[in-house]
Amino acid sequence: MPKNSSLQDLLIDELKDLYSAETQLTKALPKMAKAASDENLRAGFETHLDQTREHITRLDRVMELLDASPKGKTCKAMKGLVAEGEERIDDDATDAVKDAALICAAQKVEHYEIAGYGSVRTFAELLGEEEVVSLLQETLDEEAETDRKLTELASSLNVKAEMSEASTAEDEKDDR
Ligand code: FE
Ligand code: FE
């Protein structure tokens, strides 16, 4: 049978991709928390790390229900998103600008996950896998809530970043 010939095959393949993505995130989120200056942003990354571990547990359960292994795939997209996030961590930026950059990187990750979970949830719905649907929906809701919280943090932290930019420019003027 050709690869991913059925919707069931595609569902399992996309779930493996998400499993790899979540696993990569358990390694990236502690670094992002460490790089964050704002206390609420740091706490947000730490909370989402706990949730991410729970997402992996849910995917284990989902794969058990579907009688498949969660392993065997590397999510290349998450590899790229994490690599870009790490570049930001190494940026020589003010604390506030770095926080804004971390939020931007984290939101790209959440949107990727939201797209993935939304799709697999719908596939499972079509295949009549009710328990799988409810597990995936729980994770999808947490990803969406995380994205919403990041937007809220950005509304104050991006302003701080813009102001830190202005004060740096002022300092440079004073130096002359
Ligand atoms: Fe997740
Ligand atoms: Fe997430």
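All values derive from a computational prediction rather than experimental measurement. Atoms within each ligand, like the ligands themselves, are counted from 1 in listed order. These values consider heavy atoms only, across backbone and side chains, with no hydrogens, waters or symmetry-generated copies.
Put simply, the angle at the Fe ion (ligand 1) from OE2 in Glu143 to ND1 in His55 is close to 90°, to the nearest 10°.
Electrostatic pairing of Glu145 and Arg148 counts as a salt bridge here, judged by a charged N lying under 4.0 Å from a carboxylate O. Using a cutoff of 4.0 Å between basic side-chain nitrogens and carboxylate oxygens, Asp99 and Lys160 are not scored as salt-bridged. Checked for salt-bridge contact, Arg58 and Glu142 meet the test: a charged N lies under 4.0 Å from a carboxylate O.
Among the backbone and side-chain atoms of Glu142, no N/O/S atom is found under 2.8 Å from the Fe ion (ligand 1). Put simply, His48 stays out of reach of the Fe ion (ligand 1), with no N, O or S atom under 2.8 Å from it.
For Glu113, the N/O/S atom at the shortest distance from the Fe ion (ligand 2) is named OE1.
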Original post:
Stepwise, does the side chain to side chain donor-acceptor pair (under 3.5 Å) test hold for Glu143 with His48?
Top reply: CA-CA 9 Å; Glu143 308 292 16; His48 201 54; 3.2 Å; yes

